[in-house]
Amino acid sequence: MTARAFTVLRPGLLTTVQDLGRWGHQAAGVPVAGAMDTYSLRLANGIVGNPESAAALEITLLGPTLRAEAPLVVAVAGAIFDLQVDDRPVPHGAPVELDAGSILRFLERRAGARAYLAVSGGLETPVVLGSRATHVVSRMGGL
């Protein structure tokens, strides 16, 4: 198995791990959580060949700066940001190959509120009640 990892150089405003949510536990008071824009989450995952339910980073209003620690293929869907890898522009909504050490920057946001960064192979965070989704208030999920 190839290690898939980012180092967070700048977290952005509210960058969380999200998937399609934690369904079926609401009667016990457990929040669903999950992506606010499930279409864009599914699209980003599809671009990199992941199952549509795979966890991705949900990026809200102000994006992060991330360093790839291994070769990765990523895609961004949803809110439109100017994106750069190592100071060169890269497309929104298309697969982007990152080398180990490459820096991915989310620059100016052009439209929308939430973008989704999917990584080929998914994000590995603890599964809590069947989901990797972060719920900030209860401190549940991928944090």
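All values derive from a computational prediction rather than experimental measurement.
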> Are Leu104 and Leu123 connected, step by step, through hydrophobic side chains (Ile, Leu, Val, Met, Phe, Trp, Tyr) whose heavy atoms are closer than 4.5 Å?
Replying inline: yes

Quick check on the hydrophobic clustering: are Leu117 and Val90 connected, directly or via other members, by side-chain heavy-atom contacts under 4.5 Å? yes

Scanning both residues in full, the closest heavy-atom pair of Pro95 with Val73 reads CB-CG1, 4.0 Å

*Backbone N or O of Gly121 within a donor-acceptor pair of the Asn50 side chain at under 3.5 Å?*
yes

Across all chains, not counting sequence neighbours, the side chain to side chain donor-acceptor pair (under 3.5 Å) partners of Asp99 are none

Residues Ala77 and Ser40: closest non-hydrogen pair is CB-O, 3.6 Å

To the nearest 0.5 Å, atom OG of Ser53 lies from atom CG of Asn45 at 7.5 Å

| Under 3.5 Å: donor-acceptor pair, side chain of Arg10, backbone of Gly63 | yes

Those residues at least two apart in sequence (or on a different chain) that pass side chain to side chain contact (heavy atoms under 4.5 Å, CB included) with Pro11 are Val8

Membership question, hydrophobic clusters at under 4.5 Å side-chain separation (ILVMFWY): are Leu41 and Val74 in the same one? no

message = Using the rule that Ile, Leu, Val, Met, Phe, Trp and Tyr join whenever any side-chain heavy atoms are under 4.5 Å apart, tell me whether Leu62 and Ile80 fall into a single cluster.
response = no

task: Look at the side chain of Ser102 and the backbone N and O of Val85, then say whether any donor-acceptor pair between them is shorter than 3.5 Å.
output: no

Hits for side chain to side chain contact (heavy atoms under 4.5 Å, CB included) against Ile103, two or more places apart or cross-chain, chain-then-number order -> Leu9, Thr65, Arg67, Asp86, Arg105

Applying side chain to side chain donor-acceptor pair (under 3.5 Å) to Thr7 and not counting sequence neighbours gives Glu69

Ala118 and Ala56 have their tightest heavy-atom pair at CA-CB, 4.0 Å

By side chain to side chain contact (heavy atoms under 4.5 Å, CB included), Arg109 pairs with (sequence neighbours left out) Leu61, Phe81

Heavy-atom nearest pair, Gly78 first then Asp37, reads CA-OD2, 4.4 Å

Sorted by chain and number, sequence neighbours left out, side chain to side chain contact (heavy atoms under 4.5 Å, CB included) with Ala75 holds for Ile47, Val48

| request: Give a yes or no answer on whether the side chain of Glu58 reaches the backbone of Met36 with a donor-acceptor pair at less than 3.5 Å. | output: yes

Discussion item. Using modelled atom types and a 3.5 Å cut-off, is there a donor and acceptor pairing between side-chain atoms of Asp19 and backbone atoms of Gly34?
Written reply: no

Determine, using the 4.5 Å side-chain heavy-atom cutoff (strictly less than), whether Ile59 and Tyr116 are members of one ILVMFWY cluster. no

Heavy-atom nearest pair, Gly21 first then Ala133, reads CA-CB, 4.4 Å

**Prompt:** Hey, is the main chain of Phe106 close enough, under 3.5 Å, to the side chain of Gln84 for a donor-acceptor pair?
**Reply:** no

